[in-house]
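Quick notes on the structure that follows.
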Amino acid sequence: MRSLFGYREKAKTRLDATSAQYSTGQQPPTFGRPPPSRATVGPATTAGVAAASAVPLDSGVQLSDAVKEQPLVDAVLEHLLSAARSDAVRQEFLAQNSVDDLVEEHSLSLLVGTYNVNGHKPPMGLQLAPWLSGAADADIVIVAFQEIVPLNANNVFNDLVGGTGAATAAWDQLVSEALNPTPAAQPYISQGGHLLPRSGPEPAPNRPPQDHVDNQLPNKEPDRFTGSEGKEYEPTQTGGTDSQADGSDDSMNDGGVSQLDNALKAFMQVAAKQMVGVYLTVWVREHVLPHVRGVQITSVGTGVMNVLGNKGAVAARMRLYDTGVALVAAHLSSGQADGDELRRNYDYSEVLRRAAFPPDSATALDPAALSAPSAFGVSKVVAAGQRAGQWGSARGILDAEHALWLGDLNYRLSGIADEKARTLLRAGDLEQLAKYDELAAMRRTGRAFEGWAEGPLSFPPTYKFRRGTLAYHGDTDDDPSAPPPLEAIEEAQKIRTPAWTDRILWCSKGGNDSPTALGLKQYKSCALTASDHMPVVASFVLPVRHYDRARVEAAIEAARRRVDAAEMAALPRCELDPPSADFGALRLGEQGTCHIILRNVGQVTASYELQPLPGAMLGDPEDKSFRTSPRWATVYPEQGTLEQGAGADIRVTASITAGPGGTADMVCTQGRSRLDAVLVLRVAGGKDLF
């Protein structure tokens, strides 16, 4: 006669089957916040998750110390942690691992330029190589143009209905030719993806390249622009997108990359957006393209009615490796009268407030909306935008780890007379002149661009020049281009005090002087005379990081195993010794008793209780009642609680009784010679014992 208490584990439901959901929201920026609120540059506050604190488990296998205040993680790591599938694994991962141990550090070289072209098409013979010469050492080139079309009502309306893209084509081709020079210093043009010799005599070059205009006297005999008088540059082909879409360009290989790109590792355009006169275009070297994703663009008009795009900004963001970078090309309100700076400050705050990038689920770039002239590799313009950037809930400019703001910001000189400013300029005293810079004052007082950094103004003011010369507008001494006396009054009304209107600023989370911040290498202007502005260019070193996916996955798996082990150790666990009771042969009227020791071998207190079962399950099909033990046996105690390491003596007694309904009667009527049953001892929260 046996009472079997053998082990059998019932199906166990995983405690961490689904991932916890977190509330994510755009965090307020910690730097560069628009007025009226004041902000300070501080550690990164990336948009992340607000997770519950880890619950320490009272078990032999201890998890890492629970973090009382769960650290915020960036959106990329949060995306990778979706593989954890439970909050407990996620918390253990964060407690065990330092982000620095999971990332690879890289650096990229950026060339950033801005040029207000005064509403003109590029004149014949214009070359941008003097301005963008630093591209030879760059991985990424970011170019902003302002006033690529006149800021009139017709062009504003055209922008509202989608525009034509014709204005950007000429400038795109010049940028491409500057970034992708031929070995013979560009005696060619690109057409249909091929390089073709320029027809006719080579146009006269622009004035000899100068990195910047250092301490030049603006009233010297000006070097005039030597391009063809009155003629404007036209791109050789303006329908690049169409030619690529219908497959007519046979210079592309199966991967959509031109043969020249493969040979020269040329720059590819990965983003381009025009809003009336503002145009932002981003170019990336071919070998960097695999590490560019999540390209998104947006725009904010702050012009007429604070809506139209005659003023405002175009913004783009992208992931470089796993680092987010935001780019803003802006043209702020003009004017040098007292109070005009308030409108510029307002434009700045409106761009920050209203610029909203689409979520990851939205199409980042629309091929039809991008300029795609017949420049090298433009067929790849959309590829980087179709790969998700894992931006999470981040939608704003300041949510990126790094941001660059470039353009014609239109800040002037304040508190200095025009004559005094020109005197300091002629004397080459730029340091003294820069003390009157409006933008610097706005940054110091926190009224605009607080928390943004800028290089020293070691180059002369970039506005306002007589187009085609190096002479400032209003400098008449010894100036052959000065107006005749009859026009002097009208001309005087247009005089603008020279100012640094064209600027490049940056900000990095964690502080602009931190080791992980953008590092300025050079900041200068360039002597191109095709406009009344001089272009400005800066070069940066951008530190980027890349999560080692294999390392992250291995760390998540290690955290999962540790959590599983801790959860198993935290479960009540008991053992029976021996696992069954055998009473041997019993005669009528005899009684037998067996002792089974129930031991708590787990790490927590265990409660146990015999479970009632129908008689059929206890070997007595005639018994329709529920019992914890069969009619021929009793168990004591049937329930109890055991502390860790404690044991309980469970006495099982069997007896052979006579009479109707007795054990002997059951044996005879059922034709049985052996009585046995399986009892169920349930350990609360643990395994059932059988």
Restricting to non-hydrogen atoms, name the atom on [X] and the atom on [Y] that form the minimum distance, rounded to 0.1 Å.
{"X": "A403", "Y": "L518", "answer": "O-CD1, 4.2 Å"}
{"X": "G392", "Y": "A75", "answer": "N-CB, 3.9 Å"}
{"X": "T298", "Y": "A356", "answer": "OG1-O, 3.4 Å"}
{"X": "S539", "Y": "L111", "answer": "CB-CD1, 4.3 Å"}
{"X": "P358", "Y": "Q296", "answer": "O-NE2, 3.0 Å"}
{"X": "P572", "Y": "V683", "answer": "CB-CG1, 3.8 Å"}

In terms of ring plane angle, is the pair W405 and Y348 parallel, tilted or perpendicular, where the classes change at 30° and 60°?
tilted
In terms of side-chain heavy atoms, does T281 have a donor or acceptor partner in Q269 at a distance below 3.5 Å?
yes
Looking only at side-chain N and O atoms, does S508 offer a donor or acceptor that is under 3.5 Å from a partner on W506?
no
Kindly say whether [Y] contributes a backbone atom to a donor-acceptor pair with the side chain of [X] at under 3.5 angstrom?
{"X": "R90", "Y": "L81", "result": "no"}
{"X": "Q603", "Y": "A570", "result": "no"}
{"X": "R395", "Y": "S393", "result": "no"}
{"X": "T323", "Y": "R545", "result": "yes"}

Considering only NZ, NE, NH1 and NH2 on the basic side and carboxylate oxygens on the acidic side, decide whether [X] and [Y] come within less than 4.0 Å.
{"X": "D688", "Y": "R682", "result": "yes"}
{"X": "E575", "Y": "K687", "result": "no"}
{"X": "R560", "Y": "E567", "result": "no"}
{"X": "D74", "Y": "K509", "result": "no"}

Let's go through V314 and I297 carefully: what are the C-alpha distance in whole Å and the side-chain angles of both, what is the deciding distance for side chain to side chain contact (heavy atoms under 4.5 Å, CB included) to 0.1 Å, and is it a yes or a no?
CA-CA 7 Å; V314 170; I297 52 179; 5.6 Å; no
Working to the nearest 0.5 Å, report the span between [atom1] of [X] and [atom2] of [Y].
{"X": "L80", "Y": "I556", "atom1": "CG", "atom2": "CD1", "answer": "6.5 Å"}
{"X": "L327", "Y": "L406", "atom1": "CG", "atom2": "CG", "answer": "7.5 Å"}
{"X": "Y636", "Y": "T653", "atom1": "OH", "atom2": "OG1", "answer": "12.0 Å"}
{"X": "R317", "Y": "F357", "atom1": "CZ", "atom2": "CZ", "answer": "6.0 Å"}
{"X": "H287", "Y": "L289", "atom1": "NE2", "atom2": "CG", "answer": "9.5 Å"}
{"X": "F583", "Y": "Q591", "atom1": "CZ", "atom2": "CD", "answer": "9.5 Å"}

Looking at side-chain heavy atoms only, is the closest gap between [X] and [Y] below 4.5 Å?
{"X": "V325", "Y": "I140", "result": "no"}
{"X": "V601", "Y": "R573", "result": "yes"}
{"X": "E92", "Y": "N97", "result": "no"}
{"X": "C507", "Y": "N512", "result": "yes"}
{"X": "L679", "Y": "V652", "result": "no"}
{"X": "L505", "Y": "R443", "result": "yes"}
{"X": "T634", "Y": "S655", "result": "no"}
{"X": "N600", "Y": "Y608", "result": "no"}

Intermediate values then yes/no, side chain to side chain contact (heavy atoms under 4.5 Å, CB included), E609 and Q611:
CA-CA 6 Å; E609 181 178 10; Q611 296 300 296; 4.2 Å; yes
Test side chain to side chain contact (heavy atoms under 4.5 Å, CB included) on I656 and E590 and set out the steps.
CA-CA 6 Å; I656 305 299; E590 287 186 346; 5.7 Å; no
Is it true that atom CG of D101 has more than 12 heavy atoms of other residues, nucleotides or ligands lying nearer than 6.0 Å?
yes
Given I596, L610, L681, V680, the one that forms side chain to side chain contact (heavy atoms under 4.5 Å, CB included) with L689
L681
List the steps and the verdict of side chain to side chain contact (heavy atoms under 4.5 Å, CB included) for V284 and M268.
CA-CA 5 Å; V284 174; M268 312 289 186; 5.5 Å; no
